[in-house]
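A quick write-up on the structure given underneath.
Proteins get letters first, then strands, A, B, ... in listed order; numbering begins at 1 in each. Just so it is clear, the structure is predicted and the values come from calculations on it, not from any experiment.
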Amino acid sequence: MNEFTQSIYLNLTQVPFGRIISYGQLAKLAGYPNHSRHVGKTLSRLPEDTSLPWFRVVSSQGKISLSGDNFIRQRKALEKEGLTIRDDGKILNFKQVIMQ
DNA sequence: CGTCTGACAATGA
DNA sequence: GTCATTGCCAGAC
């Protein structure tokens, strides 16, 4: 595992219950600004039984970036934490969202 | 080494 | 508010 991945994991564990963070913001926190796309790639390699809150990571538009079964999985996980998700993936209750 | 790809982001119409 | 365009950069080929 490289340093980038390590740092992403570490910072991801700090995202609290019921909140979300954007790919770009997570990359920035991890010390790698402008690496938003690489964050998605890294998260896609996580095992299904991971304890990391990967589902709290969404696009800067507050929208789920996944599709198909993965979209469903993330949507359900977020709804369990009190968030409301529209069919197109847009998260409606922005009060608890970490952005910027 | 050149190109392409992607769980993205910022900007402008 | 929604697209479309452009910039971005590590990996995969």
Exercise for review: Quick one: the dot-bracket string of DNA chain B, using Watson-Crick and G-U wobble pairs with both distances under 3.5 Å, [ ] for crossing pairs and | for bases paired to another strand.
Suggested key: .|||||.||||||

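Between A/Asp88 atom CG and B/dA7 atom C1' there is a gap of 16 Å when expressed in whole angstrom units. For the pair A/Arg37 CZ and B/dC8 C1', the computed distance is 6 Å after rounding to whole Å. The CH2-P distance, from A/Trp54 to B/dA7, rounds to 13 Å in whole Å. Spacing between atom CG of A/Leu43 and atom P of B/dC8 amounts to 10 Å, rounded to whole angstrom units. Rounded to an integer number of Å, the gap from CZ of A/Arg45 to C1' of B/dG6 is 11 Å. The CD-P distance, from A/Gln61 to B/dA9, rounds to 8 Å in whole Å. Rounded to whole Å, atom P of B/dA9 lies 10 Å from atom CG of A/Leu26.
Within 4.0 Å (heavy atoms only), A/Arg56 reaches no atom of the nucleic acid at all.
Every pair tested for side-chain hydrogen bond (donor to acceptor under 3.5 Å, both in side chains) that includes a residue from residues 33-55 of chain A fails, sequence neighbours excluded, so the list is empty.
Looking at which nucleotide of DNA chain C each of A/Lys41 and A/Ser36 is closest to, the 5′-most match is held by A/Ser36.
A/Arg19 and A/Glu81 are not joined by a salt bridge, as no carboxylate oxygen comes within less than 4.0 angstrom of a charged side-chain nitrogen.
The side-chain contact (heavy atoms from CB on, under 4.5 Å) test with A/Ile85 is passed by exactly one of A/Ile91, A/Leu92, A/Val58: A/Ile91.
A donor-acceptor pair under 3.5 Å links the side-chain atoms of A/Gln74 to the main chain of A/Val57, judged by distance alone.
Counting heavy atoms of neighbouring residues, nucleotides and ligands inside a 6.0 Å radius, atom CG of A/Asn2 exceeds 12 of them.
Note that the first and last nucleotides of DNA chain C, 5' to 3', having any atom under 4.0 angstrom from a heavy atom of chain A are C/dT2 to C/dG11.
Within residues 65-76 of chain A, the residues having any heavy atom under 4.0 Å from DNA chain B are, by residue number, A/Ser65, A/Leu66.
For B/dA7, the OP1/OP2 oxygens have no side-chain nitrogen or oxygen of A/Thr42 closer than 4.0 Å.
Partners of A/Asp87 under the side-chain hydrogen bond (donor to acceptor under 3.5 Å, both in side chains) rule, at least two apart in sequence or in another chain, are A/Arg75. Taking the salt bridge (charged side-chain N to carboxylate O under 4.0 Å, His left out) definition, one finds that A/Arg86 meets it with A/Asp88, sequence neighbours left out.
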